[in-house]
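Reviewing the structure listed below.
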Amino acid sequence: MLQPSRVKRTKVHKGRLKAKAFRGTKLSFGSFGLKSEESAWLKANQLESARRAMSRMFARGGKIWTRVFPDKPRTAKSAEVGMGGGRGGLSHFVAVVEAGRMLFEVDGVSEQVAREALRLAAHKLPIKTRFVKRA
């Protein structure tokens with residue numbers, strides 16, 4: 001799974017999700033891509049399962065670029081713990097994704113294969129996405 005090799009602080013502010021992305025909205029590497037339609041936090045395991053679904057479809061052909069990285073640490077307290085006692089320990093990492101952000105790009109495969117692979121990947125993610133291709 002994707003995660004930073006080390007973090008300076010394990011407990012960070014939540015922040016607020018922006019309405020629309022300004023950066024990373026266009027295809028930069030591949031011919032086809034998966035673009036987010038909503039803002040959300042994507043967990044590292046969700047991104048990894050989407051990547052695996054795509055790579056299984058390609059079967060040793062094609063290349064995948066992941067355009068987001070889960071570098072925001074999230075904390076959680078264990079089950080059945082009472083109120084108080086401060087924030088919990090480090091649980092997982094999330095990628096902050098704004099609406100319009102390119103999530104994955106693929107190249108080296110036909111449009112039909114890319115469309116199907118990105119459709120499978122989109123089912124693994126908790127947000128609405130859109131298939132885009134280079135004009």
Side-chain angles (χ1 to χ4, degrees):
M1 266 196 304
L2 291 172
Q3 70 178 41
S5 53
R6 52 191 292 268
V7 288
K8 195 174 237 183
R9 294 176 179 84
T10 56
K11 297 179 179 181
V12 298
H13 292 296
K14 263 189 188 177
R16 292 288 172 261
L17 289 172
K18 286 188 204 133
K20 205 144 171 40
F22 295 102
R23 300 168 45 223
T25 58
K26 294 185 171 59
L27 288 169
S28 298
F29 304 102
S31 302
F32 310 103
L34 192 67
K35 193 175 202 175
S36 72
E37 295 279 287
E38 314 177 304
S39 299
W41 285 342
L42 296 183
K43 289 184 184 179
N45 60 355
Q46 292 168 339
L47 290 169
E48 178 63 13
S49 79
R51 186 197 64 78
R52 280 187 180 175
M54 281 189 288
S55 59
R56 231 180 272 123
M57 187 79 190
F58 293 161
R60 289 181 292 284
K63 175 138 177 62
I64 301 170
W65 289 271
T66 305
R67 296 284 307 273
V68 292
F69 187 79
D71 57 356
K72 184 185 185 82
R74 298 302 299 143
T75 58
K77 296 179 83 165
S78 52
E80 299 182 17
V81 173
M83 298 293 283
R87 228 166 160 180
L90 178 62
S91 171
H92 59 276
F93 288 91
V94 296
V96 180
V97 175
E98 303 97 3
R101 182 77 188 216
M102 197 63 65
L103 301 174
F104 294 101
E105 293 187 28
V106 297
D107 206 356
V109 290
S110 67
E111 182 180 345
Q112 185 181 1
V113 173
R115 193 176 284 273
E116 179 62 18
L118 290 168
R119 186 188 68 81
L120 291 173
H123 283 300
K124 306 289 184 188
L125 301 173
I127 58 173
K128 289 180 186 170
T129 56
R130 189 175 72 211
F131 175 84
V132 292
K133 64 179 180 179
R134 199 175 288 281

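The structure displayed is predicted, hence computed values, not measured ones. Just so you know, these numbers use all the heavy atoms, side chains as well, and skip hydrogens, waters and symmetry mates.
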Could you pull out all residues at least two apart from F29 that satisfy ring pair (Phe, Tyr, Trp, His ring centres under 6.0 Å)?
W65

Scan for salt bridge (charged side-chain N to carboxylate O under 4.0 Å, His left out) pairs involving residues 10-38, sequence neighbours excluded, and state none if there are none.
E37-R130

Results of side-chain contact (heavy atoms from CB on, under 4.5 Å) for S110 - residues two or more places apart only
Q112, V113

Taken in chain and number order and not counting sequence neighbours, the residues that satisfy side chain to side chain donor-acceptor pair (under 3.5 Å) with E111 are R115, K133

E105 and S28, any side-chain heavy atoms less than 4.5 Å apart:
yes

Check whether any side-chain N or O of E98 sits under 3.5 Å from a backbone N or O of A21 as a donor-acceptor pair, and report yes or no.
no

Which pair of heavy atoms, one from P73 and one from R9, lies closest together, and at what distance?
CG-O, 3.6 Å

Is K77 reaching over with its side chain to a backbone N or O of M83, donor-acceptor style, under 3.5 angstrom?
no

L34 side chain near V106 side chain, heavy-atom distance below 4.5 Å
no

Side chain to side chain donor-acceptor pair (under 3.5 Å) against H92, all qualifying residues, sequence neighbours excluded
none

Taking all atoms of both residues into account, what is the closest heavy-atom pair of R67 and G24, and its distance?
NH2-CA, 3.6 Å

Find the distance between CD (Q46) and CG (L103) and round it off to the nearest 0.5 Å.
11.0 Å

Same cluster or not: are L118 and L47 linked, directly or through other Ile, Leu, Val, Met, Phe, Trp or Tyr residues, by side-chain heavy atoms under 4.5 angstrom apart?
yes

Looking only at heavy atoms, which two atoms of V109 and A114 are closest? And how far apart?
CG2-CB, 3.9 Å

Interatomic distance, CG@L42 vs CD1@I127, rounded to 0.5 Å, equals 4.5 Å

Indicate yes or no: at least one non-hydrogen side-chain atom of F104 is less than 4.5 angstrom from one of V68.
no

Under a 4.5 Å cut-off applied to non-hydrogen side-chain atoms, are V97 and S39 in contact?
no

Ring pair (Phe, Tyr, Trp, His ring centres under 6.0 Å) with F69: which residues, sequence neighbours excluded?
none

For S55 and I64, work out which heavy atoms get closest and say how close.
N-CD1, 3.7 Å

A117 meets the side-chain contact (heavy atoms from CB on, under 4.5 Å) criterion, sequence neighbours left out, with M54, M57, F58

Rounded to the nearest 0.5 angstrom, the CD-NZ distance for Q3 and K43 is 14.0 Å

Which residues share a side chain to side chain donor-acceptor pair (under 3.5 Å) with D107, sequence neighbours left out
S31

Nearest non-hydrogen partners of L2 and P70, listed with the distance:
O-CG, 3.5 Å

F32: ring pair (Phe, Tyr, Trp, His ring centres under 6.0 Å) partners, not counting sequence neighbours
F131

What residues form a side-chain contact (heavy atoms from CB on, under 4.5 Å) with R134, not counting sequence neighbours?
L27

Taking atom CG of N45 and atom CZ of R52, what is their separation to the nearest 0.5 Å?
10.5 Å

Remaining members of the apolar cluster that contains V94, side-chain heavy atoms under 4.5 Å
L17, W41, V96

Nonpolar side-chain network containing L90, other nodes, edges under 4.5 Å
V7, F93

Heavy-atom check, side chain of T10 versus side chain of T75, under 4.5 Å:
no

How close do S49 and K124 get, heavy atom to heavy atom, and via which atoms?
OG-CB, 3.5 Å

Rounded to the nearest 0.5 Å, how far apart are NE2 of H123 and CG of L120?
6.5 Å

